[in-house]
Amino acid sequence: IEKNAFFHCIFLENIEFQNEFQNLSENEIQLEIIEDFAFENCIKLKSFYIPKKLMNFERRIVDGCSSLDTIEIDDDNELYTVKDNVVFSKDLKRLIYYPNGVKRLSLYIPNNVGIIETKSLINNEFKYVSIPITVKEIKEKSFYSNRNIKSIFIPENVTLIGKYSF
């Protein structure tokens, strides 16, 4: 899916990627790449499904999707997993994307996360953030534009806090 393919489709609420070609084998047709901003500003998009072979998922794909609250991933996807509607690397070491439509006052990042990726948590409404001691890197703009934050626990072993992280 190319860049801006669904740009500003403000009434789009759901998208599913299905194999329309039933006579083809599983390996003959698979969605592998979604370019940046493919679904930018689809403000009513509520759910998103990451297919088995998708090789790239990051925030920029769904940038501006303020209602997005449900992310599902094919169980056989080798790169990504979802825990509580948050996208992580399959090994749970990288927090990749927290949907803007998921409204929580507190954020507790799982203990095995080592990297909070660029822009993974921007434009959310957290008041309290707890970062586990396993986190070593908080990348650029990871919490950018979270105006409601009152308290953050950052462990001493964090070695990188990127520019505009908070």
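Remember, predicted model here, so these are calculated numbers, not experimental data.
Ile50 CD1 to Tyr97 OH: the interatomic distance, rounded to the nearest 0.5 Å, is 10.0 Å. Rounding to the nearest 0.5 Å places CD of Glu2 at 11.5 Å from CD1 of Ile33. Atom CD1 of Ile1 is separated from atom CD of Glu35 by 10.0 Å, given to the nearest 0.5 angstrom. One distance of note links OG of Ser67 with CG of Leu45; it measures 8.5 Å at 0.5 Å rounding. Remark: Asp75 CG to Lys52 NZ distance equals 11.0 Å, nearest 0.5 Å. Remark: Leu54 CG to Leu31 CG distance equals 5.5 Å, nearest 0.5 Å.
Here the closest heavy-atom approach between residue Pro155 and residue Pro132 is recorded as CG-O, 3.2 Å. The nearest pair of heavy atoms linking Ser89 to Ile96 is N-CD1, 3.5 Å.
Within 6.0 Å of CG on Leu160 lie more than 12 heavy atoms contributed by other residues, nucleotides or ligands. Annotation for Phe7: atom CZ counts as buried by contact number, over 12 foreign heavy atoms lying within 6.0 Å. No more than 12 heavy atoms of other residues, nucleotides or ligands sit less than 6.0 Å from atom CD of Glu78. Counting non-hydrogen atoms of other residues, nucleotides and ligands closer than 6.0 Å to CG of Asn157 gives a total above 12.
Residues Leu68 and Asn100 fail the side-chain proximity criterion, which asks for heavy atoms closer than 4.5 Å. The shortest distance between side-chain heavy atoms of Lys136 and Ile115 does not fall below 4.5 Å. Between Tyr128 and Ser130 the shortest side-chain heavy-atom distance does not fall below 4.5 Å. Side-chain contact between Asn4 and Glu40 is present, with heavy atoms from C-beta onward closer than 4.5 Å.
Applying the side-chain hydrogen bond (donor to acceptor under 3.5 Å, both in side chains) criterion to Asn112, with sequence neighbours excluded, gives no partner residue. Legend: residues meeting side-chain hydrogen bond (donor to acceptor under 3.5 Å, both in side chains) with Asp74, ordered by chain and number and at least two apart, are Tyr49. Legend: residues meeting side chain to side chain contact (heavy atoms under 4.5 Å, CB included) with Glu140, ordered by chain and number and at least two apart, are Thr118, Lys163. In this structure Ile61 satisfies the side chain to side chain contact (heavy atoms under 4.5 Å, CB included) test together with Ile34, Phe39, Phe48, Asn56, Phe57, sequence neighbours excluded.
Counting only N and O atoms by type, the side chains of Asn14 and Ser47 include a donor and acceptor under 3.5 Å apart.
With hydrophobic clusters built from ILVMFWY side chains whose heavy atoms lie under 4.5 angstrom apart, Met55 shares a cluster with Ile73.
Within the structure, every pair that satisfies the salt bridge (charged side-chain N to carboxylate O under 4.0 Å, His left out) test and touches residues 89-107, not counting sequence neighbours, is listed here: Arg94-Glu117, Lys103-Glu125.
The hydrophobic cluster containing Val158, built from Ile/Leu/Val/Met/Phe/Trp/Tyr side-chain heavy atoms closer than 4.5 Å, also comprises Val86, Phe88, Leu92, Leu95, Tyr98, Val102, Leu107, Ile109, Val113, Ile116, Leu121, Phe126, Val129, Ile131, Val135, Ile138, Phe143, Ile149, Ile152, Ile154, Ile161, Phe166.
Under the 4.0 Å criterion applied to side-chain N and carboxylate O atoms, Lys46 and Asp69 are assigned as salt-bridge partners.
In terms of modelled atom types and a separation under 3.5 Å, the side chain of Asn124 and the main chain of Ile122 share a donor-acceptor contact.
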